[in-house]
Amino acid sequence: MIVNCVTVHVIKEHITDFIEATTANHEGSVREPGNLRFDVLQSKDDPSCFLLYEVFESAEAVTFHRSTQHYLTWRDTVAGWMAQPRTAVSYTVVCPKERKEW
């Protein structure tokens with residue numbers, strides 16, 4: 001399993017737009033084969049800071065996600081709304097190992 005934690009800092013004027021576009025991406029992502037979680041989190045202390053917590057079964061599932069229309073639309077739509085380039089850190093899962101535990 002692979003976990004991607006993507007941090008996005010959004011220009012304040014576009015927070016509502018970003019949430020709308022990211023919700024659409026979330027809705028498509030959670031229906032993908034190989035996607036176990038796709039959480040969208042907003043910082044309590046800084047509402048312009050978001051964390052996308054993405055869990056995939058495999059590298060192939062990540063590659064598939066990045067080829068989907070909902071992801072490509074999201075990527076292109078939100079690009080101009082970012083206060084700085086988004087950052088991502090990938091992790092391998094230590095626990096839980098079993099898919100049913102996700």
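The shown structure was predicted, so the numbers you read here are calculated from the model rather than taken from an experiment.
- The NE2 atom of H14 sits 12.0 Å away from the OG1 atom of T77 when rounded to the nearest 0.5 Å.
- Rounding to the nearest 0.5 Å places CZ of R75 at 12.5 Å from NE2 of H70.
- Hydrophobic clustering places V40 together with M82 (ILVMFWY residues linked when any side-chain heavy atoms are closer than 4.5 Å, directly or through intermediates).
- Closest approach of Y91 to C5, counting heavy atoms only: CE1-SG, 3.9 Å.
- When all heavy atoms of E32 and A61 are compared, the pair lying nearest together is OE1-O, 4.4 Å.
- Proximity of L52 to R86: side-chain heavy atoms (C-beta onward) are nowhere separated by under 4.5 Å.
- Taking CG of L36 as the start and CD of E54 as the end, the distance is 12.0 Å to the nearest 0.5 Å.
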- prompt: Taking it one step at a time, do V78 and V8 satisfy side chain to side chain contact (heavy atoms under 4.5 Å, CB included)?
  reply: CA-CA 10 Å; V78 305; V8 183; 6.0 Å; no
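- Between H65 and F38 the shortest side-chain heavy-atom distance falls below 4.5 Å.
- V30 and F56 are assigned to two separate hydrophobic clusters, defined by single-linkage of ILVMFWY side chains at heavy-atom distances under 4.5 Å.
- Across P33 and F64, no two heavy atoms sit closer than the pair CD-CE2, 4.0 Å.
- Y71 is connected to I19 through a chain of hydrophobic side-chain contacts under 4.5 Å among Ile, Leu, Val, Met, Phe, Trp and Tyr, so both are in one cluster.
- Inter-residue side-chain proximity for V94 and M1 is flagged as unmet; no heavy-atom pair is nearer than 4.5 Å.
- Residues L72 and S67 share a closest heavy-atom pair of CD1-O, 3.8 Å.
- Side-chain contact between F18 and I11 is absent, with no heavy atoms from C-beta onward closer than 4.5 Å.
- A continuous path of Ile, Leu, Val, Met, Phe, Trp and Tyr side chains, each step under 4.5 Å between heavy atoms, connects V89 with V93, placing both in one hydrophobic cluster.
- The CD atom of Q69 lies 11.0 Å from the CG atom of N25; values are rounded to the nearest 0.5 Å.
- No option in I15, T7, T22, V6 other than I15 meets the side chain to side chain contact (heavy atoms under 4.5 Å, CB included) test with F50.
- Side-chain atoms of W81 and D17, non-hydrogen and from C-beta on, do get closer than 4.5 Å to each other.
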